[in-house]
**Q** 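The structure's right below; bear with me while I get my questions together.
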Amino acid sequence: MTDAELITRTRAGDPDAFGALVSRYYDACWRFAYHMLGERSDAEDVVQESFLRAYLAIGRYDERDQFRGWLFRILTNQCRNALTSRGRRTRRFVQDEVALETAAAPPSGLPLGVEDAALSRALAQLDPQQREALLLKYAEGLEYTEMSRMTGVGESALKMRVKRGVERLRAILGPIDD
Amino acid sequence: MTDRDVLPFPAPDQDDADIAARIAALYERTPATEARQADRCARAVLAQSMHQSSRSALGVSRTRWWWGAAAAAVLITATTRPWRGVVSTQEADSAVGRAIAAATLSGTVTPSDSAVRFDLTLPTSASAVAIVGDFNGWDQNATPMASRDGTWSANIPLTPGRHVYAFVVDGKRWIVDPLAPQVPDDGYGPANAVVIDGGPQ
């Protein structure tokens with residue numbers, strides 16, 4: 001069943017249709033929120049809040065938009081709100097890093113290697129705007145046009161954030177062996 | 001116009017392939033969540049949407065959250081014996097208050113001492129809504145609710161004491177409050193009814 005069909009059914013009051021939409025996009029949303037916020041529980045909260053807002057606003061959803069893009073627009077806003085309202089996250093990221101590096105074995109379901117842990121740590125040290133731009137560009141694989149529509153930020157500014165973010169990552173990670 | 005025309009540095013896409021690949025790999029290796037996590041999220045959203053004024057869905061004006069809570073307090077008072085006032089107040093503040101606030105987004109009590117008015121506002125359209133409970137033998141044909149301005153209502157004479165109820169939408173969808181601590185699961189299926197406890201335990 002297509003997104004459009006599920007949305008139509010959701011609007012008609014079919015809770016199973018909405019459940020199907022959540023199942024379809026939960027993973028993608030959670031992954032983005034997790035890398036933005038750095039904590040599983042925070043990511044779960046933000047994703048749930050995003051789906052709630054999407055559900056309450058689904059009457060205003062424009063079918064000309066891709067549902068995923070519309071949902072991610074809500075999600076990115078919720079991630080920003082979470083980062084703003086919960087203050088600086090640096091200490092929490094450090095705690096995650098310590099947990100990763102001192103664990104006798106990789107945490108269940110989180111098979112990150114040394115390189116991934118280093119990159120994860122470096123991403124966590126970025127300015128949230130740079131991290132958001134890098135994730136949308138290189139993890140989600142979006143074009144700048146889509147990113148601009150999603151975030152409300154101009155394309156030039158987004159390119160600058162990606163550029164600065166990459167520079168910062170290189171500085172944190174050090175030389176990369178090819 | 002190309003990126004090079006706009007920016008004073010090379011286009012990021014071309015020179016950042018190594019970083020891009022590492023980010024993509026990190027992202028892809030993030031483990032998938034458990035299926036039940038998405039299911040739990042969907043259930044929570046549907047339950048929360050009742051709390052968050054379902055009228056805001058589909059562009060309808062928003063209901064105040066405290067209106068449901070106020071209705072709950074009145075409802076509890078109406079079904080409680082006067083000498084059990086302390087008990088009813090405590091419950092309205094906690095378990096029962098939350099349950100009713102979730103299930104009834106607006107509501108009032110009729111002037112009669114023994115009749116209680118149940119109101120239910122749905123986020124989506126429905127052709128028929130009934131209230132079922134221990135007071136009508138869980139018969140979904142016994143007490144149909146009347147619709148007016150998007151709100152379904154029914155006046156039901158209740159004796160003081162403990163009552164269990166649920167709403168049935170279009171003959172098949174049961175509306176309950178999954179967040180209510182006092183949700184019985186014996187005899188009525190899992191989590192499909194809300195308890196109003198205004199009387200003896």
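All values below were derived from every heavy atom in this structure, side-chain atoms included, with hydrogens, water molecules and symmetry-related copies excluded. Just so we're on the same page: letters track the sequence lines, and every chain starts at 1.
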**Q** Can you check whether B:Arg22 reaches A:Leu123 side chain to side chain, under 4.5 Å on heavy atoms?
**A**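 The answer is no, as the side chains (C-beta and beyond) never meet within the 4.5 Å cut-off.
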**Q** Quick check on A:Ala12 against chain B: is it the side chain, the backbone, both or neither that has a heavy atom closer than 4.5 Å?
**A** backbone
**Q** May I ask you to say whether B:Asp16 pairs ionically with A:Lys137, meaning some side-chain N is under 4.0 Å from a carboxylate O?
**A** no
**Q** Is any side-chain heavy atom of B:Arg40 closer than 4.5 Å to one of A:Glu44?
**A** yes
**Q** Looking at residues at least two apart in the chain, or sitting in another chain, which of them share a side-chain contact (heavy atoms from CB on, under 4.5 Å) with B:Ala42?
**A** A:Val22
**Q** Considering only heavy atoms, which portion of A:Phe18 lies under 4.5 Å from any heavy atom of chain B: side chain, backbone, both, or neither?
**A** side chain
**Q** Is A:Ala28 close to chain B through its backbone or its side chain, or both, or neither, when contacts mean heavy atoms under 4.5 Å?
**A** backbone
**Q** Restricting to side-chain contact (heavy atoms from CB on, under 4.5 Å), what partner residues turn up for A:Gln66, sequence neighbours left out?
**A**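 For A:Gln66, no residue satisfies side-chain contact (heavy atoms from CB on, under 4.5 Å) once neighbours in sequence are set aside.
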**Q** Please round to the nearest 0.5 Å and tell me the distance separating atom CG of B:Leu26 and atom CZ of A:Arg31.
**A**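 Rounded to the nearest 0.5 Å, the CG-CZ separation comes out at 10.0 Å.
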**Q** Hey, could you give me the CG/CD1 distance between A:Leu134 and B:Ile23, rounded to the nearest 0.5 Å?
**A** 4.5 Å
**Q** Taking all heavy atoms of B:Pro31 and all of A:Trp30, pick out the closest pair and write down the distance.
**A**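 Closest approach of B:Pro31 to A:Trp30: O-CZ3, 4.1 Å.
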**Q** Atom CG in A:Leu169, atom CD1 in B:Ile19: separation rounded to 0.5 Å?
**A** 5.0 Å
**Q** Can you name the closest pair of heavy atoms from B:Ala38 and A:Ser23 and give their distance?
**A**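 Looking at all heavy atoms of both residues, the closest pair is CB-CA, 4.1 Å.
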**Q** For B:Trp152, enumerate each residue passing the ring-ring contact (aromatic ring centres under 6.0 Å, His included) test, keeping only those at least two apart in sequence or located in another chain.
**A**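 Counting only residues at least two positions away or on another chain, B:Trp152 forms no ring-ring contact (aromatic ring centres under 6.0 Å, His included).
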**Q** Which of residues 67-76 of chain A have a heavy atom under 4.5 Å from any heavy atom of chain B?
**A** none
**Q** Measuring from B:Arg43:CZ to A:Gln48:CD, what's the distance to the nearest 0.5 Å?
**A** 13.0 Å
**Q** Roughly how far, to the nearest 0.5 Å, is the OH atom of B:Tyr27 from the CZ atom of A:Phe32?
**A**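 It comes to 6.0 Å.
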